[in-house]
Amino acid sequence: TTILKVEGLTKTYNGGTFALRGIDLTVEQGEFIAVIGPSGAGKSTLLRSINRLIEPTDGTISFLDEAMTSRSKSSLRRWRSQIGMIFQHYNLVNRSSVLENVLHGRLGYMSPLAGVFSRYSEADKLAAIELLAKVGLENEVYKRADELSGGQKQRVGISRALMQQPKLILADEPIASLDPKSSAVVMDTIYDNCRMQGIACLVNLHQVDVAKKYATRIVGIKGGMKVFDGTPEQLTDEM
Ligand code: ADP
Ligand code: ADP
């Protein structure tokens with residue numbers, strides 16, 4: 001099953017910076033794809049374009065065979081509800097509990113309505129607690145998000161994305177703010193959950209060794225262009 005098809009994706013920011021130039025990319029179900037490239041290459045712009053956090057300048061993106069051309073709020077909400085997002089800086093609501101943060105994933109997108117605890121059913125709460133246990137946070141469920149370590153916060157971010165029951169997860173530099181030990185735990189957690197549930201994953205990384213360790217496929221980006229697309233074994237030292 002094709003989850004995502006990106007064709008000729010181009011993004012020019014106000015001021016004329018060409019962040020992406022004609023990117024083509026097809027993602028199949030269950031693929032675990034590392035997107036690598038130097039800082040400023042366009043990795044983050046690529047992921048944000050797919051989730052429509054930014055509007056592409058040119059090109060097409062289709063998700064589950066549907067062109068993402070509409071700009072209506074209801075279409076954006078529907079697509080984003082099926083695409084889990086994991087951020088470098090976690091994007092948790094600090095004054096809310098870990099459980100509430102995960103439950104926000106049920107809405108599929110950070111909306112102003114998120115945070116109203118009573119909106120969630122008992123079944124949702126149980127599902128969220130089960131997910132937290134799966135990522136090793138069974139003892140932090142009722143803590144405030146800002147009481148956690150960076151690695152723990154990112155595991156909350158992963159649980160929030162999984163709570164959406166997504167077809168696709170986009171992880172933008174998920175380990176860039178973490179020490180090596182927490183990084184390994186976070187990458188293992190993303191990888192194991194995606195592979196087990198057949199969720200396709202695109203993960204931006206700047207460490208080539210980490211990309212090689214986990215990815216089923218590596219996409220290299222430089223200067224907004226795709227310069228490599230292949231298996232970890234095919235990746236040579238030039239990237
Ligand atoms: P990466 O994630 O690979 O570091 P980015 O996608 O963040 O790359 O950035 C690609 C290029 O676009 C860079 O030249 C960056 O400076 C520029 N850029 C990113 N965001 C913006 C923005 N909001 N406005 C203008 N230029 C931007
Ligand atoms: P980072 O810390 O990873 O650079 P930012 O703080 O720049 O991320 O936020 C990126 C954008 O993502 C913001 O506009 C924010 O509103 C949005 N956002 C936050 N949480 C979610 C979510 N769960 N799903 C989709 N978008 C989100």
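Here, residue 1 is the first one in the sequence, and each next residue gets the next number. Atoms within each ligand, like the ligands themselves, are counted from 1 in listed order.
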Before signing off on this row, confirm whether [X] and ligand 1 have an N or O atom pair separated by under 3.5 Å.
X: S44; answer: yes
X: N14; answer: no
X: G40; answer: yes

Between [Y] and [X], is the closest basic N to carboxylate O distance under 4.0 Å?
X: R78; Y: E66; answer: yes
X: E140; Y: K143; answer: yes
X: R71; Y: E55; answer: yes
X: D146; Y: R95; answer: no

Look at ligand 1 and say whether [X] reaches it with a heavy atom at a distance under 4.0 Å.
X: G15; value: no
X: G224; value: no
X: S39; value: yes

* Give a yes/no verdict on a cation-pi contact between K226 and F228, requiring under 6.0 Å between NZ or CZ and the six-membered ring centre and an angle within 45° of the axis. =>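 Not satisfied by the 6.0 Å and 45° rule.
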* Any protein heavy atom nearer than 4.0 Å to atom 10 (C) of ligand 1 ->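 Given the 4.0 Å cut-off, atom 10 (C) of ligand 1 counts as touching protein heavy atoms.
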* Would you say atom 5 (P) of ligand 1 has a protein heavy atom nearer than 4.0 Å? ->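 Looking at atom 5 (P) of ligand 1, one finds that a protein heavy atom does lie closer than 4.0 Å.
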Ligand 1 atoms in contact with [X] (distance to a heavy atom under 4.0 Å):
X: A19; answer: 10 (C), 11 (C), 12 (O)
X: A41; answer: 1 (P), 3 (O), 8 (O)
X: P38; answer: 3 (O)

* With backbone taken as N, CA, C and O and side chain as the heavy atoms from C-beta onward, which portion of T17 lies under 4.0 Å from ligand 1: side chain, backbone, both, or neither? ->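 Just the side chain.
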* Check salt bridge (charged side-chain N to carboxylate O under 4.0 Å, His left out) between D24 and all other residues, then give those that pass, not counting sequence neighbours. =>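 Here no residue qualifies.
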* For R195, which residues count as a salt bridge (charged side-chain N to carboxylate O under 4.0 Å, His left out) partner, sequence neighbours excluded? ->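 Checked R195 against salt bridge (charged side-chain N to carboxylate O under 4.0 Å, His left out); zero matches.
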* **Reference residue E28; test side-chain hydrogen bond (donor to acceptor under 3.5 Å, both in side chains); the match among T216, T2, T1** =>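 Single side-chain hydrogen bond (donor to acceptor under 3.5 Å, both in side chains) partner of E28 among T216, T2, T1: T2.
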* Asked: Among all protein non-hydrogen atoms, which one is nearest to atom 8 (O) of ligand 1, and what is the separation to 0.1 Å?
  ->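 Nearest protein contact, heavy atoms only, for atom 8 (O) of ligand 1 is G42 N, 3.0 Å.
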* Could you tell me the residue and atom name of the protein heavy atom closest to atom 19 (C) of ligand 1, and the distance to it rounded to 0.1 Å? =>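 It is Y13 CE1, 3.4 Å.
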* Asked: In terms of hydrophobic clustering (I, L, V, M, F, W, Y; side-chain heavy atoms under 4.5 Å; direct or indirect links), are I54 and I23 co-clustered?
  ->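 No, because I54 and I23 fall into different hydrophobic clusters, even though each may have its own neighbours under 4.5 Å.
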